Amino acid sequence: MTKEIPSRYNPEDTEDKWYSYWESHGFFHSKPDTREPYCIVIPPPNVTGVLHMGHMLNNTIQDVLVRRARMQGKNALWVPGTDHASIATEAKVVASLREKGIEKSSLTRDEFLRYAWEWKEKHGGIILQQLRKLGASCDWSRTKFTMDPDMYESVIDVFIDLYHKGLIYKGIRMINWDPEALTALSDEEVVYKDVQSTLYYVRYKVYGTEDEWITIATTRPETILGDTAICVHPEDERYQHLHGRKAIIPLIDRVVPIITDEYIDREFGTGCLKVTPAHDINDYNLGLKHKLDVVDIFNDNGTLNEKAILFVGEDRFEVRKKITEKLRQKGFLVKEEPYVNRIGFSERTDAVIEPRLSQQWFLNMKPLAKPALDVVMNDTIHFFPPKFKNTYKYWMENVKDWCISRQLWWGHRIPAYYLPNREVIVAKTPEEAYQIALKQYPELKDLRLEDLQQDEDVLDTWFSSWLWPISVFDGIRHPHNPDIEYYYPTSDLVTAPEILFFWVARMIMAGLEYRREIPFRNVYFTGIVRDKLGRKMSKQLGNSPDPIELIKKYSADGVRMGMLLTSPAGNDLPFDEALCEQGRNFANKIWNALRLVKGWEMDEKIPQPNYSATACKWFENRLNKSLQIVEDHFGKYRISDALMEVYRLMWDDFCSWLLEIVKPPFQQPIDKSTYQSVINFFDTLLRILHPFMPFITEEIWQHLRTRAENESIMLAPWPKIHEVDETMLNDFEFTREVIVNIRSLRQNHNISPKKILELYYNDSGQSHLSPNFESIIAKLTKVSKIEPFTANIENALTFIVKSTEFYIPAPQNFDLENERKKLQEELEYNERFLSSVETKLNNEGFRKNASPKVIENELRKKADAEARIQLLREKLDILKE
RNA sequence: AGGACCGUAGCUCAGGGGGAGAGCGCUUGCUUGACACGCAAGAGGUCAGGAGUUCAAAUCUCCUCGGUCCUACCA
C-alpha cells in the first residue's frame, strides 16, 4: 500500500524525475482563460551567458512568486527567453572565427551573420537549460529570443514609428567610442575607474613674442595635436594680458586663439586649459560656444590619422609616450606630476573609451520620460524596496537622449535607406523605401532599387529589450491579440537595481507609449550577490561559485533556500555556502519527518490520547498563525522572511513539538484521528513550502498519500487561512516554558532523562496551567503526576513561569549553592525590573500622558514582578535553612 | 562633488516611542528506536558616539564618526 521510502533522500534523481514529470504533463503551460492571470516575463539573459549567482537569485525569486500564484488558482505564466546581446555576442563570434583563422573583415555581412546564427544555435540555449536544473517553472513553449522574426519585426516597427513621430533623429554628437569593438556605446555601458596617471605641464609660446609662454596642464598630451584653442578664466589676474591673443601649439606650430570662459577652474593645474573639441566632451561644448575649429586626430581604432600631422598611424598610448619625450627634448615640458583621475572603460571590452564626434541615431527621451516618471511616483507601479523611487526620479528628470545605433552587424539593422542625393528614407523594406523615394523626390527619375543603401548600423540591444513585456506576446505587431490582452500588464518584474535605467525605466516608457498602460504592477529589486569579502561576484574576479556545482552538492532545493534566506529585497546578499548547507539540512529534516510518520502503524480502535488531541488543536492554530504571517510577508515581497517563518513552523513547531508529542511509544500503533490530523498538517506544510523547495515537497507529497496520475503539488491549492484562537497559542506557550524549565533542571542537576519526577505547582494565584496541557507536560518530561502543592516541600527544585511557581521534589542531593546563586540572580533581576516599572508608575507625567492601555500594561508588569519576587524570596529562605 | 540607504548578539539581518528578536555560529550534555545534515539545554547586546524632543528613545530630530550604493565628472 505504501511505497518504499528510502532511508536517504536522493535529490539528484528526484529533481530530474519531477522536473520532467511537470514538463511532460504541461503543468508550466498557460493559455488565456477566465481565471485571473498572473504573469512574469523573465529578464532575458544574454545568449552568450552561463548561469551565475545573480541569475540564481533572480530566477529563484521569480519561481517562488509564480509557483505560489499558480497554487492560489491564478492562471500563472512565466515567459522565458534570451536577448541577443549585440556587443558581447559579436565579440565572441569574432573571437571564435579568429581561432579558425577567419577575420571578420574578410567576410561579408551575410557571411558573418551566418556564422553568428550558427554560434547562437550551438551556445545560445545553455542558460535556459540550466534554469531547468533550478526548477524554474517557465512555459518553455513560449521561449522567446530578441531576434526571432516576430520580435525583430516589432523592433523595426517601433523604430519606424518613433522616427515618424519625430522622436528618432540622426545627429552628430560626442559619443563614447569603443576603439576595440569599433562601436559607439551608451553612457550606461561605460564604467569609470580611478587610474593612476600623470599630469603633464606643457608650455605654449604666445604668438608674436620671442619668449613669452603660457603653460597648460593635461593628462592627455597626445591630444595637443588636436588643440584648437587655449582657455583661461576671464577674471584670472594672471592671464589678463593674454586676452585676445594667440598661442602656438608646440611641435606642429599651429596658431590657436586664447579664449576666456567661466567654465575654467582657476585652482586646477595652471588655471589654463588646452581645448580639443574633437576629443573631450567639455572641450566640445566650449568649441560650440566659441565657434572653434574641430580637429579630429583619431582613427576608429584609436590610432592617429593624418590630421594629427605627427605620429600618423600610431596608437594613442604609444603616441602619449613619444610625444612626452619629444616635448621634453624640445623644452616644452615644464613638469610632470602623478595624478589620479577617473577614466571611462568599455563595459564589454574594457578598452579605454575615446570621447568622439560621430554621427549616430538618437531617441529623444524627454517626452517618453515624463509619463513614465508619474506612474512610479504615484505608485501605479510599486517599487520594492521603495527607496529606488528616488534614484528613478533623479534619472527621469535628467534624462538625456539615447544613442541607439551601434556599429555592429549582430542585431536589428536600422531600417534607414540612403539615396544618391544623400537623403534618408526610413521604411520597413527597401521596396517600400524605394516607393517613398520616388514619390518624395520626383527629380530622381532614374532611381533604381539597387541605388538605395541601407544604414550599416544595428540598434542597441536595449532597444529591443525595452519592448520585451509587449513583444513576447506579439503586442507590437498585433495589439489586440488574445495573449497580449490577457497577460498585459504583467504582474511582477524581478530584476537587479543596476539595470533600473537601462531596462526598467525604458520598459515603462515603451509600455506607456505602445499600450497606454504600465508593463508591470510591481518591481522587485534583488540585491547584488557578493562574496564574503563584500566584493561583487564576477567572472573577472573568479569569486563566483558555479551554480551547477552547488546544485550537485546541495540539491536545487538547498541552493534555492540558501539564496532566499538572507536576501531581503534591494539589500546586498553576502553569499555563503553555509546557507545552501542549511537548505540541504532542512531537506533532510523534512525527509526524516516523512519517514517517521509513514513508519507509524495506525489502529482505528484505540482512542485519541488527550495530549494528542490538545496538540493537534494547538497546531491547527499555530499553522494558521504562520499562514497569516507568511501572507503578510508575501504582500510586502519579503520572501526571505516568509521562508524563515515556514522553516521554523516545519522544524520547530511541527517536528520538534507536534511530532514529539503525538509520537506513539516504540512499536505501538497510533490512533486514527491523530494520524489523519498529522497527515493533513504535513500536506498543508508541504504546500506552503512548495514554492521555495519545489522538488522535495513534490516527492514527499507524493509519498504522503496515494496520488492519482496527473496530480501534482504544483497544482494543489494554496491553504486557506482560518481564524486563530490566541488563547490556545498562549496556553501552549506557557506549557512549552514549563517543559523547557523541567528539561533545564534535569540537565543542570544531572538528573537522568529517564528518571520519573513529580511536579507540584502553586495554585494560589490565577494559575496559567490549563488542565488539557498537563498531559503534554507529562508526556514530554516524564513526570508521573502534576498536582497543586499543599504543604512545604523540602529539598525541592523550583522554577517560575509567569507567576506560577513549580516544585520538583529532588530525587537526590542537588547543588544547593548553585541553586541559591541562580535564584539570587533571578531575584536581583526582578527587583531591578520592578524598580524601573515603579519609577515609571510613580512619575506624574506618565500617569497623566500615557494611554490607559500602556498604564494597564505597566500595572500588570508590576504585579507579575511583585509576585515573582515574593516567591523567589520564600524559596531562598527555605534554601538558607 | 551631489544624493540615497545603512551602523542592533561572533556573522547575516528583522524590529521601529512603553518588558531586546530570528537564523547560522559558539558552549555544555546526549548512540533519546525519523533525522549527528541530528536531539536537548545554554551563553552572548551601554541597539556606532554625542546632543535634543518626550512622562518615556534602539525607535523621532540634529551633529559627529564609520560603511555601502547611485548620479556626475575638472583638464
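Every chain is numbered from 1, with letters handed out A, B, ... down the list of sequences. Just so it is clear, the structure is predicted and the values come from calculations on it, not from any experiment.
Partners of A:Tyr192 according to the ring pair (Phe, Tyr, Trp, His ring centres under 6.0 Å) rule, which considers only residues two or more places apart in sequence or in another chain, do not exist here. Among residues two or more places apart in sequence or in another chain, the side-chain contact (heavy atoms from CB on, under 4.5 Å) test is passed with A:Gln667 by none. For the side-chain hydrogen bond (donor to acceptor under 3.5 Å, both in side chains) test, residues two or more places apart in sequence or in another chain that qualify with A:Glu498 are A:Lys536.
With a cut-off of 3.5 Å on both pairing distances, the Watson-Crick and G-U wobble pairs of RNA chain B assemble into stems of 3 or more at B:1-7 with B:65-71, B:10-13 with B:21-24, B:26-30 with B:38-42, B:48-52 with B:60-64.
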Counting primed atoms, P, OP1 and OP2 as sugar-phosphate and everything else as base, the B/S/- map of nucleotides 12-24 of chain B against protein heavy atoms under 4.0 Å is SSSS--BB--SSS
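For A:Ser744 and B:rA40, the shortest distance from a side-chain N or O to OP1 or OP2 is not below 4.0 Å. Distances shown here put a side-chain N or O of A:Arg743 below 4.0 Å from the OP1 or OP2 atom of B:rA41. Listed pair A:Tyr200 / B:rA75 fails the phosphate criterion, with no side-chain N or O lying under 4.0 Å from OP1 or OP2. Between A:Ser7 and B:rC35 there is no side-chain N or O to OP1 or OP2 distance below 4.0 Å. The phosphate of B:rG38 (OP1 or OP2) has no side-chain N or O of A:Asn588 nearer than 4.0 angstrom.
Between A:Phe525 and A:Phe388, the distance separating the two ring centers is shorter than 6.0 angstrom.
Side-chain atoms of A:Lys589 stay outside donor-acceptor range of the base of B:rC37, with no qualifying N/O pair under 3.5 Å.
Taking atom P in both B:rA72 and B:rG38, one finds a spacing of 49 Å when rounded to whole Å. Rounded to the nearest Å, the gap between the C1' atom of B:rU27 and that of B:rG33 is 28 Å.
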Polar atom pairs (N or O), protein with nucleotides 71-73 of chain B, under 3.5 Å:
residue	atom	partner	partner atom	Å
B:rC73	N3	A:Arg342	NE	3.1
B:rC73	N4	A:Arg342	NE	2.6
B:rC73	N4	A:Arg342	NH2	3.0

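Comparing A:Asn741 and A:Glu660, the nucleotide of RNA chain B nearest to each residue sits closer to the 5' end for A:Glu660.
A:Glu577 and A:Tyr554 share a side-chain donor-acceptor pair at under 3.5 Å.
The listed nucleotides are B:rG33, B:rA34, B:rA75; the one nearest the side chain of A:Phe666 is B:rG33.
Nucleic acid contact for A:Lys754: none, since no nucleic acid atom lies under 4.0 Å from a heavy atom of the residue.
Atom CD of A:Glu267 has 12 or fewer heavy atoms from other residues, nucleotides or ligands within 6.0 Å.
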